[in-house]
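Input: a single structure, listed below in structure tokens.
Chain A is the first sequence line, chain B the second, and so forth, proteins listed ahead of strands; every chain is numbered from 1.
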Amino acid sequence: MRYSKLFGKTIKEAPKDEVAANAKLLLRGGFIDKLMAGSYTLLHLGRRVEQKIEQIIREEMNTTGAQEVLMPLLHPKEIWNETGRWDSAREVMYQFKKNDKEYALSFTHEEIVMDLVRKHISSYKDLPVKIYHFSTKFRDEKRVKSGILRGREFLMKDLYSVHVSEEDMTKYYQEVIEAYKRIFKRMELDAILTQAAGGVFTKGSTHEFQVIVDSGEDEIVYCPGGDFSANAEVSSVKEGKQCDLGHGPLKKAKAIEVGNIFPLGTYYSEKMKALFTDHSGQKKPAWFASYGIGLTRAVGAIVEVHHDDKGIVWPESVAPYSVHLIEIRNPKSEIRNSADEVYARLQKEGIEVLYDDREDISAGEKFADADLIGIPIRLVVSEKTQDKIEWKKRNEQKTQLLSVDAIVKRF
RNA sequence: CGGGGAUUGGCGCAGUGGUAGCGCGCACGGUUCGGGACCGUGAGGCCGGCAGUUCAAAUCUGCCAUCCCCGACCA
């Protein structure tokens, strides 16, 4: 992508009332645009990051045997009345009436999945079902905050699993925990498995994946050794108590919830008659669980964790492009190595490159923009580099001069 | 929903009663050319909205809206 053609430019100063690092940096870098409080456009750079995250999740979901689908966002009131959530979840749900029919915008999909299951499942032979999708969630938050960490409209991956027994559900639940650990590790989020409450989803206990960061809105109580963590809202354990594995006292910290998993049991399937016939010919309610990861929130959380005073420092796995190529021209110079040629070569090799080809822009400004955008590798072609190319990592100071071939080999 | 702060050009700001200005950005011309260069010219704002006070309102008063932060609530 030629930077000169990219829609959405960097800006020098963030809107003054933004406080959250993710809001300031994503806005300044041209990753997002705010339509209103809690509603953001993902500009091209932001969308690419989100798509990288989406692909990581997709791969790990598929590894667990789950299948990708896409469910609707416009729901009839009737389906929500079946579980009583039209009323009990009224506060978070956007509900409206049109031509005498009432609708809701989706804030989750348990009821929709239950409807699918009762229509498409009849026997224990049809189970388990593991389906997931990536889509928008609408939630009427009392208060939106912290840039894209808490909006009223956001992207989420939600996975639903349906089983013949509690044992089978629990077994898969553990598989998803492992998949989630791999997902967060791949996007370089240090997410801690944490005990939590279920909100409008279940009265039972659930798990969240929490990333410790000062700007987080949740508070967790955890053992640094990793043997215990709980959301402060459900924890009866006091800070300072010794941990089991001898890692010292429990600590309290601010954290961002980036994922959650709910073992829902048979509550929904009983209410909605999502039944299957077992070996003995009896009708039984299916065991059900749901699992979410906030995509847009993950983008924000990564920025909260991975940035410095100059800008974002994207992990390689989610960076919008792999390399940021900069051309610095000196019109008086005899030497004319061509950044255009380097760009063409890298593209031919399948390397994702953002090429700052702008003319009449100073070197300093291009460097500053590269630091702000935060692509992991910066390449510079200039009079100084002769027939070589300067290679620099975003999170390191040192530079190296390499040939195009040497650079291609590094990918 | 309660409390606090804010709202003047795309962004950041100044402007305490007399009809709006600066920096950045943008356009054009020229000089520069490895860490946000410089000179010149120019475009761009019914000062968040509505009402009121006044000869006169960005400025004073009231109501409303929007945004940010804290809290309550929530994945």
Side-chain angles (χ1 to χ4, degrees), chain A residues 8-20 23-24 27-28 30 33-40 88-93 106-110 137-147 149-158 194 196-202 206-210 215-219 231 233-234 255-262 290-298 301 310-311 326-333 335 356 358-373 378-386 389-390 392 397 399 401:
Chain A
K9 302 299 185 207
T10 58
I11 49 173
K12 218 172 200 172
E13 293 172 284
K16 66 157 185 216
D17 52 2
E18 296 292 356
V19 171
K24 284 194 215 175
L27 248 14
R28 285 187 54 211
D33 179 88
K34 179 159 69 181
L35 176 63
M36 62 176 178
S39 252
Y40 292 84
S88 67
R90 184 166 233 131
E91 285 199 354
V92 292
M93 223 187 308
S106 172
F107 81 101
T108 187
H109 279 84
E110 281 82 9
K137 294 279 173 282
F138 299 93
R139 293 188 187 174
D140 188 15
E141 297 292 342
K142 294 253 186 290
R143 179 185 156 207
V144 296
K145 55 185 285 196
S146 309
L149 292 181
R150 176 171 293 272
R152 295 204 169 92
E153 176 182 342
F154 55 93
L155 289 172
M156 182 180 252
K157 180 284 304 176
D158 31 331
T194 299
V200 295
F201 292 88
T202 176
T206 68
H207 290 95
E208 295 169 341
F209 284 81
Q210 293 278 1
S215 52
E217 59 176 17
D218 287 352
E219 198 161 58
N231 193 307
E233 68 185 358
V234 298
I256 302 173
E257 178 192 344
V258 290
N260 53 47
I261 51 180
F262 301 146
S290 68
Y291 320 78
I293 294 179
L295 293 166
T296 24
R297 177 177 284 185
K310 289 180 175 173
I326 290 177
E327 180 181 58
I328 298 172
R329 289 196 187 185
N330 183 344
K332 280 195 275 191
S333 170
I335 300 161
D356 193 343
R358 291 176 295 174
E359 294 175 25
D360 298 322
I361 296 290
S362 71
E365 192 166 348
K366 289 188 175 185
F367 290 148
D369 280 343
D371 289 340
L372 174 60
I373 292 169
R378 187 186 80 189
L379 300 179
V380 179
V381 171
S382 76
E383 182 188 11
K384 264 173 69 174
T385 63
Q386 300 287 325
I389 297 155
E390 178 185 283
K392 179 186 170 297
Q397 283 308 308
T399 59
L401 282 179

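The aromatic ring of Phe107(A) is not stacked on the base of A75(B), since the criterion of ring centres less than 5.5 Å apart with planes inclined by under 30° is not met.
Looking at heavy-atom distances under 4.0 Å, Glu257(A) makes contact with sugar-phosphate atoms alone, never a base. In this structure, Thr399(A) reaches neither bases nor backbone, as no heavy-atom distance under 4.0 Å exists between it and the strands shown.
At least one cation-pi condition fails for Arg139(A) and Phe154(A): the charged atom is not both under 6.0 angstrom from the six-membered ring centre and inside a 45 degree cone around its axis.
For C67(B), the paired nucleotide is G5(B), the pair qualifying as Watson-Crick or G-U wobble because both relevant distances are below 3.5 Å. Judged by Watson-Crick or G-U wobble contacts below 3.5 Å, the nucleotide C22(B) has G12(B) as its partner. G17(B) is unpaired under the criterion used here, namely a Watson-Crick or G-U wobble arrangement in which both key atom distances are under 3.5 Å. With both pairing distances under 3.5 Å, U54(B) is matched to nothing as a Watson-Crick or G-U wobble pair. If you check G40(B) for Watson-Crick or wobble pairing at under 3.5 angstrom, you find it paired to C28(B).
In this structure, Tyr40(A) and Asp33(A) have side chains that are not in contact, with every pair of non-hydrogen atoms separated by 4.5 Å or more. Annotation: side chain of Lys366(A) is in contact with side chain of Arg358(A) (closest heavy-atom distance under 4.5 Å). Considering only heavy atoms from C-beta on, Glu383(A) stays 4.5 Å or farther from Ile328(A) through its side chain.
OP1 or OP2 of G34(B) has not a single side-chain nitrogen or oxygen of Ser382(A) nearer than 4.0 Å. Distances shorter than 4.0 Å separate none of the side-chain N or O atoms of Lys142(A) from OP1 or OP2 on G2(B).
As rounded to the nearest Å, G40(B) and G4(B) have P atoms that lie 47 Å from one another. For the C1' atoms, the distance linking G42(B) with G48(B) amounts to 28 Å, nearest Å. Rounded to whole Å, the separation between the C1' atoms of G45(B) and G12(B) comes to 15 Å. Going from the C1' atom of G52(B) to that of C11(B) covers 34 Å, rounded to whole Å. Nucleotides C38(B) and A20(B) place their P atoms 30 Å apart, quoted to the nearest Å.
No side-chain donor from either of Glu208(A) and Thr194(A) sits under 3.5 Å from a side-chain acceptor of the other.
Contact annotation: side chain of Arg378(A) to base of G35(B), donor-acceptor pair present below 3.5 Å. Under 3.5 Å, the side chain of Glu390(A) and the base of G34(B) form at least one donor-acceptor pair of N or O atoms. One can find a donor-acceptor pair under 3.5 Å joining the base of G36(B) and the side-chain atoms of Arg28(A). Under 3.5 Å, the side chain of Asp17(A) and the base of G5(B) form no donor-acceptor pair of N or O atoms.
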Taking only nitrogen or oxygen atoms into account, show me every contact under 3.5 Å that the protein makes with nucleotides 8-11 of chain B, one pair per line with its distance.
residue : atom : partner  : partner atom : Å
C11(B)  : O2'  : Glu13(A) : O            : 3.1

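Residues Glu141(A) and Lys384(A) each lie close to RNA chain B; by heavy-atom proximity, the contact nearer the 5' end of the strand is made by Lys384(A). If you find the closest nucleotide of RNA chain B to Leu372(A) and to Lys34(A), the one lying nearer the 5' end belongs to Leu372(A).
Between the side chain of Lys145(A) and the backbone N or O of Gly38(A), no donor-acceptor pair lies under 3.5 Å. Of the possible donor and acceptor atoms, none in the side chain of Thr10(A) sits under 3.5 Å from a partner among the backbone N and O of Asp369(A).
Here the nucleotide nearest the side chain of Met156(A), chosen from C69(B), A75(B), C67(B), is A75(B). For Arg143(A), the side-chain atoms get nearest to C1(B) when compared with the rest of C74(B), G35(B), C1(B).
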